[in-house]
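What follows is a single structure, and I will ask about it in a moment.
In the text below, chain A, chain B and the rest are named by the order of the sequence lines, each starting its count at 1.
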4 protein chains.
Amino acid sequence: MEKNERRAREFHLRRKEILSHAERIFAAKGFYNTTVAEIANSSGFAVGTIYQFFEGKEHLYTTMISEGLDLMYGGIRDAVKQEKGFVARIEALVRAHLSFVENHTEFCSILMNVKNNALSSEGTSLRDRMVSDYLSNIRFIEEVISDGVTDGELMRIDERASAVALIGMIHSFTIEWLMSRTPEPLVEKLGTIMDLFLNGIGMKLKRR
Amino acid sequence: MEKNERRAREFHLRRKEILSHAERIFAAKGFYNTTVAEIANSSGFAVGTIYQFFEGKEHLYTTMISEGLDLMYGGIRDAVKQEKGFVARIEALVRAHLSFVENHTEFCSILMNVKNNALSSEGTSLRDRMVSDYLSNIRFIEEVISDGVTDGELMRIDERASAVALIGMIHSFTIEWLMSRTPEPLVEKLGTIMDLFLNGIGMKLKRR
Amino acid sequence: MEKNERRAREFHLRRKEILSHAERIFAAKGFYNTTVAEIANSSGFAVGTIYQFFEGKEHLYTTMISEGLDLMYGGIRDAVKQEKGFVARIEALVRAHLSFVENHTEFCSILMNVKNNALSSEGTSLRDRMVSDYLSNIRFIEEVISDGVTDGELMRIDERASAVALIGMIHSFTIEWLMSRTPEPLVEKLGTIMDLFLNGIGMKLKRR
Amino acid sequence: MEKNERRAREFHLRRKEILSHAERIFAAKGFYNTTVAEIANSSGFAVGTIYQFFEGKEHLYTTMISEGLDLMYGGIRDAVKQEKGFVARIEALVRAHLSFVENHTEFCSILMNVKNNALSSEGTSLRDRMVSDYLSNIRFIEEVISDGVTDGELMRIDERASAVALIGMIHSFTIEWLMSRTPEPLVEKLGTIMDLFLNGIGMKLKRR
DNA sequence: GATGAATGAGGGTTCATTCAT
DNA sequence: GATGAATGAACCCTCATTCAT
């Protein structure tokens, strides 16, 4: 029936509306300083309405982060899949990450602050989810690097450490950008990041 | 008078005691899930007593972070000062940072989660302090790098970006280490970090 | 017109359906722990539909109790009317009461818990109704007893007290039976109740 | 130390104060129509203070009932213990019960309404407690009766049924009295109850 | 007439802070 | 100076009721 379909569409629209407003407020004030009433108000619904879409404040928060993470990591993986060759793939990965940050600054502001937050009462589910996403992202990068080694484009290296370093650099540039609120796009740092990742600052260090 | 001196010493001792217990609990449960009563209990004082050492819960938290940051950045700078030569100085910097993490895991757990947290109602002072500390740390690293250029040990490079990258790598390895709870010391990553910072993963990228 | 008649019949059917489901849930969970949504759900109607049959939750509850009371007291009076002679009439009264309890355990479970419940905000109508029903039942029993005296079957006694005592015994056996959930019918207590009511435990007490 | 003792005494005083105010309000408006704020207000404390004495609204209620039951049943048993002879003991029991009602009308108003109320979320503890108290009271009366049989003061009878009947009569007179708010003391019904319990209304019923 | 999503007042509970002892 | 009981503002969540479809 058509009616149900429209219902479902409207439901989804409202849900998104709430999530988006929640994202803005959570980003500005943090989880604990944001009240459900505020979110309701800002999104033009009554308090009770929020509870028809989400089981509670924490669930709303968790859902927002969860869906954001799916979008982010999904986008990164898709971008990498479409490329061949080690450098191109890494570049795609970094570019996708930076683009996501640019297009979801509020979400990423939140992300930068939650890492380990001991939120959840029942089964630290969000924390676990985030840690596991973080780790699988590292592993994903490791694989990209390993493929590069297998394909002969790269010498044998410590894949894990390299992945960790790359993630760290991306995060660091992200934070720098979020904090400075520069008008110039974050993606312009792509070349710099690639260069530093591939070559470092360009100086040989005597092995100990 | 001697009495006053002993008073002052005792005062300091108690203060430290409280701070240290607060640190442990804040690290375990986060700012908002920690109650003043808990801290009082854990440190063996009455709730009211806490308020004779700190103006309030937030002040206690802020103080704890503040003094930790002083210790951390101070240590790093001291370590760097005692070295000559670019590589040695960078190495000292990274080593000091990693050592601090190892010896203050709880404090660093907190640090990883606070970055931007919109704590303070009045004056966002902590956030400002942390941002400014973060920035001055970046600038400090920039200077070390600049010195390296000046001294001819290094080609002209984007000092800011390099500093940001180095910080990012250090943070990333720190998070990795805090999360995995490996028994092996974090400092063992020093070589890896130095290598990646100086040379990257070891592959030339054609400049675009 | 026939249509209207069918309408009315259907209306009544739905109404009864709702009342019956409500009775079950109210009995199980009490007035305040039962939600209108639950009743709607259980009876297969939408929440809004409930409000076309009853003015509100309290009205639904009140109606249910009211109609149950009518049924109960009506049945008792009818049963008494059909008998002649004091003992036969009292026996009919007790039997009718016990039978009603057996056939309406859920309703009676509720009844046992409401006696004085300060439900209604405006007008304590239900409470008043129940008290008045209770009192008129007592008066009814008084009359049966008075008739017994008039007819010479009984010595002059305190009719009121006797009626109160009889009601108390019936209630007490009812509660006992509801609580123990014995398979044997409550009506089997009829003989015991009659015996105790007429003769007590069978021991003379010197009048003081 | 003396200080602690005074503390404890004051604690107990306040606790009793709250319980007593709560009792009055609960009796007047029922559990669900009474707010914690009201109780706090009425007893002259802040809301939060209530929570230093009781874990929550339900706990406050439960505690009040529990302690009242202890007082009631304890008093009844003590009264019975001090008597010898079947009739004297039953009389003591009934008198104690009626006196308690007179001196605790508010508490007993509540009692009359709670019997089976499906209050408790976690483990129907209050209901269980009350049922078990009720049953052990019945068993206690059974024993008093059995003793009467053993001592040859009474013929062999259905002790359980007799106990149930006595309780029922007591309750019924209690309700009657509570409802009518007669100025004359409930204890005056003692003779009537004893008479009805021992001899019934004074008419032989042919055994079927 | 039937529906069920939206509403928002209301209540239980927590906890940072104060202040009399 | 130390204590910890008292305070009460603030917040999350529920659910009876309404009304547009």
Residue whose nearest DNA chain F nucleotide is more 5′ - A:Ala37 or B:Gly48: B:Gly48
For A:Lys57 and B:Gly44, take the nucleotide of DNA chain F holding the closest heavy atom to each; which residue's nucleotide lies nearer the 5' end? B:Gly44
Please state whether the base of E:dA6 and the side chain of A:Gln52 form at least one donor-acceptor pair under 3.5 Å? yes
For atom CZ of A:Phe54 and atom P of E:dA6, their distance in whole Å: 12 Å
So does A:Arg15 pair up with A:Glu67, basic N to acidic O under 4.0 Å? yes
Atom of B:Ser42, atom of B:His21 and distance for their closest heavy-atom approach: OG-ND1, 2.7 Å
Using a heavy-atom cut-off of 4.0 Å across all strands, would you classify D:Phe53 as base, sugar-phosphate, or nothing? sugar-phosphate
If you look at every strand shown and take non-hydrogen atoms under 4.0 Å, does C:Val47 touch a base, only sugar-phosphate, or nothing? base
Rounded to whole Å, the NE2-C1' distance (B:His59 to E:dA16) equals 16 Å
Can you tell me how far P of E:dA5 sits from CZ of A:Arg7, to the nearest Å? 6 Å
Which nucleotide wins on minimum distance to the side chain of A:Tyr51, given the candidates E:dA16, F:dA16, F:dT14? F:dT14
Looking at the side chain of C:Arg14, which of E:dT13, E:dT18, E:dA2 is the nearest nucleotide? E:dA2
Find the distance A:Tyr61:OH to F:dC12:C1' and express it as a whole number of Å. 17 Å
Roughly how many Å is it from NE2 in C:His12 to P in E:dG1, rounded to a whole number? 16 Å
Are C:Phe53 and C:Phe11 an aromatic pair by the rule of ring centers under 6.0 Å? yes
Give the rounded distance in Å between these two atoms: CG of D:Asn33 and C1' of E:dG12. 15 Å
Among E:dT3, F:dG8, F:dT17, the one nearest any side-chain atom of D:Ala46 is F:dG8
Describe the nucleic acid contact of D:Phe45 in one word from base, sugar-phosphate, nothing, applying a heavy-atom distance below 4.0 Å. sugar-phosphate
Just how far is it from atom CZ of A:Arg127 to atom CD1 of A:Ile65, taken to the nearest 0.5 Å? 14.0 Å
Look at the side chain of A:Thr49 and decide which nucleotide, out of E:dA6, E:dG4, E:dG11, has an atom nearest to it. E:dA6
Under 6.0 Å from the six-membered ring centre of D:Phe26 and within 45° of its axis: does the NZ or CZ of D:Lys57 meet both? no
Which whole-number value in Å describes the distance from B:Asn41 CG to F:dA5 P? 12 Å
When all nucleic acid strands are considered with a 4.0 Å heavy-atom cut-off, which category describes B:Gly56: base, sugar-phosphate, or nothing? sugar-phosphate
So do D:Leu71 and D:Phe107 actually touch side chain to side chain, heavy atoms under 4.5 Å? no
In whole angstroms, how far is the P atom of E:dA16 from the OH atom of A:Tyr32? 12 Å
For B:Thr35 and for D:Val36, locate the closest nucleotide of DNA chain E by heavy-atom distance; then report the residue assigned to the nucleotide nearer the 5' terminus. D:Val36
As its Watson-Crick or G-U partner within any shown strand, both distances under 3.5 Å, E:dT21 has F:dA2
